[in-house]
Amino acid sequence: MADVASSDTYARIYAAVRRVPHGRVATYGQIAKLVGVGARQVGYALHACTDPRVPWQRVINAKGEVSARPDADHQRVRLLEEGVELDAKGRVDLAKYRWKPRSK
DNA sequence: CCCATGACTGATT
DNA sequence: TAATCAGCCATGG
């Protein structure tokens, strides 16, 4: 599918997101550093991302919360299904579930 | 090419 | 822990 990305930047971001293993989460900042772009660009790219192959649901902000999305509620459930515990405030314990990339 | 926007981050208060 | 400010860089008009 050539509609994965219109720019190499997006492709790198999607590739990094796909590296996130099941039952684990990553922050925008992590992805941003992996691809070598700003954190906002990651969110911007994921916003434009419509590819279900990309587990963009595992990408959350530095607070451990799911970002402002209409499907935020749906995403939380999905994380729980993957084995990720959520705080009473709906936040993930980054100290435990934060994915540790090696290519950094 | 310039300006405004944005699924963010980190430091400071 | 929460709120505020400035920096970050790609995209679109």
Side-chain angles (χ1 to χ4, degrees):
Chain A
M1 307 352 182
D3 65 310
V4 179
S6 307
S7 305
D8 295 309
T9 307
Y10 279 26
R12 292 184 198 189
I13 292 170
Y14 300 150
V17 176
R18 280 222 209 85
R19 279 174 156 176
V20 182
H22 175 263
R24 202 100 327 177
V25 297
T27 66
Y28 289 93
Q30 285 188 257
I31 304 299
K33 290 192 174 189
L34 287 171
V35 303
V37 298
R40 297 191 91 143
Q41 280 45 272
V42 178
Y44 203 63
L46 290 179
H47 179 215
C49 181
T50 55
D51 192 329
R53 265 66 91 168
V54 179
W56 54 267
Q57 344 235 74
R58 296 180 190 141
V59 183
I60 57 183
N61 61 29
K63 297 175 219 155
E65 297 181 302
V66 176
S67 300
R69 313 173 40 253
D71 292 328
D73 180 60
H74 181 74
Q75 179 170 357
R76 286 183 204 144
V77 177
R78 193 137 178 191
L79 290 171
L80 286 168
E81 293 288 302
E82 298 195 349
V84 178
E85 284 186 279
L86 292 184
D87 195 318
K89 295 173 181 117
R91 295 191 292 194
V92 179
D93 187 348
L94 293 176
K96 294 173 64 174
Y97 294 101
R98 187 180 181 195
W99 171 55
K100 297 158 188 180
R102 308 175 188 184
S103 308
K104 189 169 89 155

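Computed from heavy atoms alone, side chains included, the values below leave out hydrogens, waters and symmetry copies. Letters A, B, ... mirror the listed sequences (proteins, then strands); counts begin at 1.
For A:Q75, the side-chain hydrogen bond (donor to acceptor under 3.5 Å, both in side chains) partners two or more places apart in sequence, or in a different chain, are A:R69. In this view, A:E82 and A:R58 satisfy the side-chain hydrogen bond (donor to acceptor under 3.5 Å, both in side chains) rule, not counting sequence neighbours. With sequence neighbours excluded, no residue satisfies side-chain hydrogen bond (donor to acceptor under 3.5 Å, both in side chains) with A:T9. Partners of A:D73 under the side chain to side chain contact (heavy atoms under 4.5 Å, CB included) rule, at least two apart in sequence or in another chain, are A:R76. With sequence neighbours left out, the side-chain hydrogen bond (donor to acceptor under 3.5 Å, both in side chains) criterion links A:Y44 to no other residue. Every residue two or more places apart in sequence or in another chain was checked for a salt bridge (Lys or Arg N to Asp or Glu O under 4.0 Å) with A:E85, and none qualifies. For A:L80, the side chain to side chain contact (heavy atoms under 4.5 Å, CB included) test picks out A:L86, with sequence neighbours left out. A search for side chain to side chain contact (heavy atoms under 4.5 Å, CB included) contacts involving A:H47 returns nothing, not counting sequence neighbours.
Taking atom CG of A:L94 as the reference point, atom C1' of B:dC8 lies 14 Å away to the nearest angstrom. Across the protein-nucleic acid pair, A:Y28 atom OH and C:dA10 atom P stand 18 Å apart, rounded to whole Å. Whole-Å rounding puts the A:I13 CD1 to B:dG6 P distance at 18 Å. Between the NE2 atom of A:H47 and the C1' atom of C:dC9 there is a distance of 17 Å, given to the nearest Å. A:L34 has its CG atom 18 Å from the P atom of B:dC8, to the nearest Å. Rounded to whole Å, atom C1' of B:dA7 lies 13 Å from atom CZ of A:R76.
Between B:dC8 and A:S67, a contact under 4.0 Å exists linking OP1 or OP2 to a side-chain N or O.
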Heteroatom pairs (N/O) under 3.5 angstrom, protein to nucleotides 1-5 of chain C:
{"residue": "C:dA2", "atom": "OP2", "partner": "A:R91", "partner atom": "NH1", "Å": "2.9"}

Please tabulate the protein-to-nucleotide N/O contacts below 3.5 Å involving nucleotides 1-4 of chain B, giving atom names and distances.
none

Expected list for residues 87-94 of chain A: side-chain donor-acceptor pairs under 3.5 angstrom, two or more places apart:
{"residue": "A:D87", "atom": "OD1", "partner": "A:K89", "partner atom": "N", "Å": "3.4"}
{"residue": "A:D93", "atom": "OD1", "partner": "A:A95", "partner atom": "N", "Å": "3.0"}

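A:Y14 places a side-chain N or O within 3.5 Å of a backbone atom of A:A45 that can act as its donor or acceptor partner.
Shown for residues 37-44 of chain A: residues whose heavy atoms fall under 4.0 angstrom of DNA chain C, namely A:G38, A:R40, A:Q41, A:Y44.
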